[in-house]
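Sequence lines set the chain letters: A, B, ... in the order given, protein chains first and strands last, and positions in each chain run from 1.
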Amino acid sequence: MYVLLSAPDEAPTGALALTPLDAQGNPAGPARTVTPANLAAVVRELETKNPRWVWQRTGDFYPALLSAGVSVERCHDLTLCRNILANSSFTAHTDYAKNTQAEPMEEPLDERPSLMSNPLQDSLFAEPVAAKGPPASALASQLRAQLAALRQATEPGRLALLLAAESAGSLIAVEMQHAGLPWRTDLHEAILQEHLGPRPQGLNRPEKMEALAAELRLALNAPSLNPDSPQELMRALHRAGIEAKTTRQWELVNIKHPAIEPLLAYKKLSRLHSANGWSWLDTWVADGRFRPEYVVGGVVSGRWASRGGGALQIPKQIRGAAHADDGFKLIVADAAQLEPRVLIALAQDTKMAEAARDKDLYAGIAAQGFGGERAKAKVALLGAIYGSTTGESGRLMPQLTRTYPHAVGFVEDAARAGERGDTLTTRLGRSTPPPSDGYLRTQQTTNEAEQRRADSFARSRGRFTRNFVVQGSAADWAACWLAELRRRLRALAEEVRGPRAELVFFLHDEVMVHCPEPLVEQVSALVEDAAAAAGELLFGKVPVAFPVTTAVVDSYDKAK
DNA sequence: TCTGATCGCGCG
DNA sequence: AAAGCGCGCGATCAGA
């Protein structure tokens, strides 16, 4: 059932312990110890019995296993699952949650950084590592406590699904880092050359940036201006009679002055150069692959975060450099209007579900309540999900509320509950953290001046919780989508000889598969099957679909 | 000279 | 000063 991989209970010899456990986490046979050098072979052998691997963190062992050519079907990541179970409203009544909250250090899971540290070097040359961290008995006891909490949960089915999906995500994150996003340095350099000019020597500005800086200094009559300094820039703008409160693009763009055009152009190039220029390439791309670290559970809502190279912010400008190998394609799939569709399912809004029958949800809503104006429908709906009160979307709210009282009522209730300090929970059971110190400190006040701050904190938490339920439930869906897709891709690889289709990128509601050309049709179908499966896992049979838009391309810029 | 905060902007 | 949600990162700025 489970096999726990950890340090042994006996003196730390550098050996690793493999401990078989039953469905409740109790010992189910003799433990065995292996040396780090033998680990991969032993895991490969045991994997034929399809156990669920248990470890403190997937990142402790899995990179080395992958480097040794061994992958596993499923696991239970104790750290990620602990974070969910300790906070979930589905388990709030259990001893596990109470103890973990009151005594977070009672059963310490080692908080030290993963044994794998430097992503770029280590993922290529990962060596089997000796386990530090808690010994087998401590981790087995942690697993038992988690499984007990799960059995007592108010929604054990949903929560079990979340833990499985989160753990599958931890495998996928390491696998994607291992595989890397195919990245053509030559294409990237061509893009840089086109926009910035040749690579500059040392720390000099690229040619085209320097030219724009000169033009800007002339237009502002500020010969020594450093446009990278917001303070200097602000002073120079004011001297030139430009009344700007900030130096942000969206504010500058409305100003009519000969300096604005070169300034905005400079800012654009500056961003490209500093965020994704030549030094980015040097730092993050090696052997034709971009290998960021994905941080599962890195966002409270359950979205992933990343470390290294700004992996989740690859600008459209350079996506042409993400390019399939010869004989491969990139399959880029995007869940169309995921968050609004999740809201429909959560709120059971049948009227909006009708609008969502076509693939273009916003067009459907526009037809029902906005006189066919799609842009208005989109702004209104996103405003409802984000908690907008001002501007166009604020003005459109009454109209949206009249047409869809259920959906709007759902997010309004989430906002009101958050303002009161309540806990909100996603479909599968991930809950909001407790209110911030600032919120708690100010809510008791009777002082009139403090009341404004208190209200502001309350409204801020309301906007957060309003969005949390939708964004987080969308993350639940995406985690299931990804896990279902991974399972299908592994099954396909069993069936078909030759190179495999691999997940290489994931961005909240979008996945990318690096796919051998002969498999493109099959894999595209798997992506859609997985999306349909995710919808049913979360919501059962509901009248709202979660369509995916799939593009088969050579390079990422050709998708969408 | 170093460190942490802030600004600004990229993505969903 | 507040800001429609969630992030990461590089450059600058402020303070020790």
Between dA3(C) and dA5(B), how far apart are the two P atoms, rounded to whole Å?
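Pairwise P distance, dA3(C) against dA5(B), rounds to 23 Å.
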Between dT6(B) and dA1(C), how many Å separate the two C1' atoms, rounded to a whole number?
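The answer is 15 Å between these two C1' atoms.
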5' to 3' contact window, DNA chain B with chain A (heavy-atom distance under 4.0 Å):
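Contact span on the strand: dG8(B) to dG12(B).
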Using the 3.5 Å cut-off, write out each protein N or O paired with an N or O of nucleotides 12-16 of chain C and the distance between them.
unit_1, atom_1, unit_2, atom_2, d
dC13(C), OP1, Ser229(A), OG, 2.2
dC13(C), O3', Gln231(A), NE2, 2.9
dA14(C), OP1, Gln231(A), NE2, 2.5

Under a 4.0 Å heavy-atom cut-off, which of residues 425-464 of chain A touch DNA chain B?
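Contacts with DNA chain B under 4.0 Å: none.
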Give the ring-plane orientation class for Phe505(A) versus Tyr556(A), where under 30° counts as parallel, over 60° as perpendicular and anything between as tilted.
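Plane angle over 60°, so perpendicular.
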Quick check on contacts: within residues 233-262 of chain A, what sits under 4.0 Å from DNA chain C by heavy-atom distance?
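Heavy-atom contacts with DNA chain C come from no residue of residues 233-262 of chain A; none.
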From the options dC9(C), dG4(C), dC5(C), select the nucleotide whose nearest atom is closest to the side chain of Arg307(A).
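Nucleotide nearest to Arg307(A)'s side chain: dC9(C).
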When you match Leu382(A) and Arg271(A) each to their closest nucleotide on DNA chain C, which lands nearer the 5' end?
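Between the two, 5'-proximity favours Leu382(A).
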Where each residue is assigned the nucleotide of DNA chain C containing its nearest heavy atom, which of Gly309(A) and Val299(A) is assigned the position nearer the 5′ end?
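With Gly309(A) and Val299(A) compared, the 5'-side residue is Val299(A).
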In this structure, which stretches of DNA chain C are paired as stems of three or more consecutive Watson-Crick or G-U pairs, both distances less than 3.5 Å?
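Stems (3+ consecutive pairs) listed as B:1-12 with C:5-16.
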Hey, could you give me each pair passing salt bridge (Lys or Arg N to Asp or Glu O under 4.0 Å) that has a residue in residues 463-484 of chain A? Not counting sequence neighbours.
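Matches after skipping sequence neighbours: Glu412(A)-Arg466(A), Glu484(A)-Arg487(A), Glu484(A)-Arg488(A).
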Can you tell me how far the CZ atom of Arg199(A) sits from the CD atom of Glu189(A), to the nearest 0.5 Å?
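Rounded to the nearest 0.5 Å, the CZ-CD separation comes out at 7.5 Å.
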Grab the NE2-P distance between His273(A) and dC9(C) for me, whole Å please.
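My rounded result for the distance is 18 Å.
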